[in-house]
Amino acid sequence: MVYIRKNQRDLTRTEKKRFVSAILELKRSGRYDEFVTLHGQYYVTDDEEGPRASHMTPSFFPWHRRFVLEFERALRAVDPGVTVPYWDWTKDNSPASSLWAEDFLGGTGRAGDGKVMTGPFAHANGNWNIRARVGDGSFLTRNLGRPSDPVSLPTRREVAKALSDPLYDAAPWNSTVAKGFRNTMEGWGRGGTVRTFHHNRVHRWVGGVMLGATSPNDPVFWLHHAFMDLLWDRWKKAHPRSGYLPRRKLPASDPQHGRVFSLHEPMPPWNVTPAQVLDHSRVYRYA
Ligand SMILES: [Cu+2]
């Protein structure tokens, strides 16, 4: 049965409650932290000598598609009616959005230590103890919009511009690529400048634990990446003649040989190829 991923703003009160409860159950059982740890393990940078499956790489989109899907499977094993909603941050772009309300993800962190004091994931409720992380502190932190040095969320126009590029990705297939949909959306800027866009900027806008390798410690991670996944679909629809690149394994002479995953190379840890995750329409669809 195909199931639907909805825009988070359209969830009913009951849907929000069931989504939150399923997450808390994964947390209680220890399963949630395995996802955090896995993301941390795969968060490697350009200069890493080994294979780079999840970030700064063409397989950023397929890797995260599979990652969110694995998480969603775990949620659905707890409650088969639950799916991962998406957060369209071009529209719901303020801390006043219902996403951050008491009955859903809770709000921003308090001044000083950034500790989140509201909602089901606030530390005081006893259900959300952060274990797998880089740095210290066992509580969820956020700094929505970073008021002391404001960050803005990507706009519709900026996203539309990224979507208009028919090129998926280009050599050298890393964070320095100055063209192509993948790196513009992933958001590493141009050749190491400080301008960061789109996906990375959303992590920054949320702040706190959403920065860096163990960002799935904040449940909003999944809603952000579900929207990224939807944007990849939109890009594919807009450019039916384009496709995932590189199509073939890079030659041994290429400095990125053995580091990036071409269309038919299996990605760890699941050993699925980008080609195998291109079409999800028999598993889930977006409403
Ligand atoms: Cu991310």
Side-chain angles (χ1 to χ4, degrees), residues 5 8 23 32-46 48 52-72 74-75 84-90 92-93 99-100 105 121 130 132-135 140-146 151-154 158-159 162-163 169 173-175 177 180-189 195-235 260-261 267-270 274 277 286:
R5 289 186 182 170
Q8 61 79 24
I23 289 181
Y32 193 94
D33 290 335
E34 292 171 17
F35 287 97
V36 181
T37 303
L38 180 75
H39 189 269
Q41 282 166 351
Y42 279 85
Y43 192 94
V44 298
T45 52
D46 282 342
E48 178 83 14
R52 199 170 67 243
S54 72
H55 299 88
M56 304 179 172
T57 190
S59 54
F60 169 74
F61 281 102
W63 193 91
H64 281 85
R65 171 166 287 173
R66 181 59 186 234
F67 186 51
V68 175
L69 187 59
E70 288 286 327
F71 177 69
E72 193 171 49
L75 286 177
V84 175
Y86 64 90
W87 169 31
D88 179 347
W89 27 253
T90 67
D92 293 309
N93 57 4
L99 173 64
W100 309 110
L105 300 191
F121 307 101
I130 286 181
R133 74 169 294 173
V134 177
L140 177 62
T141 53
R142 286 182 192 138
N143 189 14
L144 302 183
R146 206 170 62 186
V151 199
S152 61
L153 287 165
E158 287 169 324
V159 171
L163 287 172
D169 206 348
W173 318 106
N174 59 17
S175 72
V177 186
F181 170 70
R182 190 276 307 171
N183 198 34
T184 311
M185 280 313 304
E186 193 181 350
W188 294 107
R195 293 177 73 199
T196 57
F197 294 109
H198 304 327
H199 155 267
N200 283 347
R201 212 158 99 203
V202 177
H203 280 269
R204 285 188 189 204
W205 186 89
V206 177
V209 303
M210 264 289 268
L211 302 168
T214 51
S215 51
N217 272 316
D218 190 328
V220 79
F221 174 93
W222 308 104
L223 288 79
H224 170 32
H225 273 280
F227 187 52
M228 291 295 294
D229 191 68
L230 168 56
L231 292 176
W232 187 27
D233 277 1
R234 287 191 188 152
W235 178 83
V260 306
F261 295 81
M267 302 176 293
W270 314 285
V277 303
Y286 286 102

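Computed over heavy atoms, backbone and side chain alike; hydrogens, waters and symmetry mates excluded. Order of appearance sets the numbers: ligands from 1, and atoms from 1 within every ligand.
Checking side-chain atoms of Arg142 against main-chain N and O of Gly208 turns up no donor-acceptor pair under 3.5 Å.
At a threshold of 2.8 Å, the Cu ion (ligand 1) has no backbone or side-chain N, O or S atom of His55 nearer than that distance. Residue side and main chain included, His225 places an N/O/S atom under 2.8 Å of the Cu ion (ligand 1). Look at His224 and the Cu ion (ligand 1): no N/O/S atom of the residue is under 2.8 Å from the metal.
His55 pairs with exactly one of His39, His203, His225 by the ring-ring contact (aromatic ring centres under 6.0 Å, His included) rule, that one being His39.
Here the CZ atom belonging to Arg182 is positioned 9.5 Å from the CE atom belonging to Met56, to the nearest 0.5 angstrom.
Under the 3.5 Å distance criterion, with hydrogens and angles disregarded, no donor-acceptor pair is assigned to the side chains of Tyr86 and Asp229.
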